[in-house]
Peer 1: 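Structure below; questions to follow.
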Amino acid sequence: MENLVAGVNYLEVAAVFVAAVSGALAAVRKRFDLFGVLVLAWVCGLGGGILRDVLIGDTPPVGISSWRLVVAAVAAGLVTFVLHPGLARLRRSVVVLDAAALSLFVVQGTTKSLELDAGLLASLVVGVLTGIGGGVLRDMLVGETPLIFADRQLYAVPAILGAGAVVVLWETGWWTWWAALCVVAFVLGFRLLSLALGWVVPHVGGGWTGRWGRESGRMDG
């Protein structure tokens, strides 16, 4: 279990960096200065983790106490500020990385909540909020409706399924490092498949099929 926890912590660093890139890109598109880019990178990369820690009572939150995670978010902001023209041209690659960040955050958030005995339902909710929280905060700060509400994309759905899978595997004693990788792959694959096939959340007067949404402009993290 110790090795599993250490592995998940490394996944969290990677997820923070990737999510922070999407936040920094949003700031660049809004023509923020360097400070604004770094702040939005920090919010997007660590917002979900801060929300998670506050909800489960693990204070101070990692967003202000873990130097590794803060450095990862700031580094992502600096890299994006310098290299943003090239990153913008690779927006489809960023969408893939953003989906990877979602899957990593969901697994890490749910696992941490379970480790602290927060309860099965609470851990599921915390895992979902960890996955989508940073992106929601980012969109609010740039004055836009959060993508999960505006475009009906299947973003929260794979997060819910992934967090639910972690809870079930943990409760049945099947939670291992390999199980964690399988859940990450499932959430990532589900998110990318929904984008490729244009699946959207059911809505009044519509069904499950739709378009890619605002793939060229915004990505949740």
Peer 1: Do Trp67 and Trp42 belong together in a cluster built from hydrophobic side chains that touch within less than 4.5 Å?
Peer 2: no

Peer 1: For Ala41 and Ala73, which heavy atoms make the closest approach, and how far apart are they?
Peer 2: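 Closest heavy-atom pair between Ala41 and Ala73: CB-O, 3.7 Å.
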
Peer 1: To the nearest 0.5 Å, what is the distance between CG on Leu169 and OG1 on Thr176?
Peer 2: 8.0 Å

Peer 1: Less than 4.5 Å apart, any side-chain heavy atom of Leu102 and any of Val187?
Peer 2: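 Yes - at least one pair of side-chain heavy atoms lies under 4.5 Å apart.
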
Peer 1: Quick check: do Val70 and Ile64 have side-chain heavy atoms less than 4.5 Å from each other?
Peer 2: no

Peer 1: Indicate yes or no: at least one non-hydrogen side-chain atom of Trp175 is less than 4.5 angstrom from one of Val183.
Peer 2: yes

Peer 1: For residues Leu192 and Ala99, report the shortest heavy-atom separation together with the two atoms involved.
Peer 2: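 Shortest heavy-atom separation between Leu192 and Ala99 comes out as CD2-CB, 3.8 Å.
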
Peer 1: Give the cluster check for Leu104 versus Trp177: same hydrophobic cluster or not, with ILVMFWY residues linked at side-chain heavy-atom distances below 4.5 Å.
Peer 2: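 Linked within one cluster.
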
Peer 1: When you measure from the side chain of Ser65 to the backbone N and O of Pro61, does any donor-acceptor pair fall under 3.5 Å?
Peer 2: yes

Peer 1: Show your reasoning for whether side-chain contact (heavy atoms from CB on, under 4.5 Å) applies to Phe190 and Val157.
Peer 2: CA-CA 9 Å; Phe190 192 110; Val157 171; 4.2 Å; yes

Peer 1: Let me see the working for Val136 and Tyr155 under side-chain contact (heavy atoms from CB on, under 4.5 Å), right down to the final yes or no.
Peer 2: CA-CA 11 Å; Val136 172; Tyr155 201 86; over 6 Å; no

Peer 1: To the nearest 0.5 Å, how far apart are CG in Leu193 and CG in Leu188?
Peer 2: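 That separation rounds to 11.0 Å.
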
Peer 1: How close do Ser123 and Ser113 get, heavy atom to heavy atom, and via which atoms?
Peer 2: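 Result for this residue pair: OG-OG, 3.0 Å.
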
Peer 1: Might you point out which heavy atoms bring Val16 and Gly45 nearest each other, and give the distance in Å?
Peer 2: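 Here Val16 and Gly45 meet closest at CG2-O, 3.5 Å.
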
Peer 1: Applying salt bridge (charged side-chain N to carboxylate O under 4.0 Å, His left out), run through Asp53 and Lys112 and close with a yes or a no.
Peer 2: CA-CA 9 Å; Asp53 290 348; Lys112 183 172 183 178; 3.0 Å; yes

Peer 1: Counting C-beta onward and ignoring hydrogens, is there a side-chain heavy-atom pair between Leu78 and Leu34 closer than 4.5 Å?
Peer 2: yes

Peer 1: Under a 4.5 Å cut-off applied to non-hydrogen side-chain atoms, are Leu116 and Asp58 in contact?
Peer 2: yes

Peer 1: Are the side chains of Val200 and Leu154 in touch, meaning some heavy atoms are under 4.5 Å apart?
Peer 2: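 Contact flag for Val200/Leu154 side chains = no.
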
Peer 1: Among the clusters formed by ILVMFWY side chains lying less than 4.5 Å apart, do Val184 and Leu161 turn up in the same one?
Peer 2: yes

Peer 1: Roughly how far, to the nearest 0.5 Å, is the CG atom of Leu40 from the CZ atom of Arg138?
Peer 2: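 Rounded to the nearest 0.5 Å, the CZ-CG separation comes to 7.5 Å.
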
Peer 1: At what distance, to the nearest 0.5 angstrom, does CD1 of Ile56 lie from CG of Leu51?
Peer 2: 10.0 Å

Peer 1: Determine, using the 4.5 Å side-chain heavy-atom cutoff (strictly less than), whether Val62 and Leu55 are members of one ILVMFWY cluster.
Peer 2: no

Peer 1: Applying side-chain contact (heavy atoms from CB on, under 4.5 Å) to Gln108 and Arg52, what does each step give before you reach the verdict?
Peer 2: CA-CA 10 Å; Gln108 200 281 333; Arg52 173 202 65 211; 2.5 Å; yes

Peer 1: So, applying side chain to side chain contact (heavy atoms under 4.5 Å, CB included) with Val126, which one of Val128, Thr130, Leu129 is it?
Peer 2: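 The single option meeting the side chain to side chain contact (heavy atoms under 4.5 Å, CB included) with Val126 is Thr130.
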
Peer 1: Hey, mind stepping through Val166 and Leu114 against side-chain contact (heavy atoms from CB on, under 4.5 Å) and telling me if it holds?
Peer 2: CA-CA 9 Å; Val166 173; Leu114 288 167; 4.0 Å; yes

Peer 1: How far apart are the closest heavy atoms of Val37 and Ala24, and which atoms are they?
Peer 2: CG1-CB, 3.7 Å

Peer 1: Identify whether Leu137 and Val39 are in the same connected component of the hydrophobic contact network (ILVMFWY, side-chain heavy atoms under 4.5 Å).
Peer 2: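 Yes; tracing contacts between hydrophobic side chains, which count when under 4.5 Å, links both residues.
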
Peer 1: Rounded to the nearest 0.5 Å, how far does CZ of Phe81 lie from CG of Asp33?
Peer 2: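 Taking CG in Asp33 and CZ in Phe81, the distance rounds to 7.5 Å.
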
Peer 1: Heavy atoms, side chains only, cut-off 4.5 Å: are Leu25 and Arg29 in contact?
Peer 2: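 With C-beta onward as the side chain, the pair touches.
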
Peer 1: So do Trp170 and Thr111 actually touch side chain to side chain, heavy atoms under 4.5 Å?
Peer 2: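 Yes; the side chains approach each other to less than 4.5 Å.
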
Peer 1: If we ignore hydrogens and angles and just use 3.5 Å, is the side chain of Thr110 paired with the main-chain N or O of Val107 as donor and acceptor?
Peer 2: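 Answer holds: no.
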
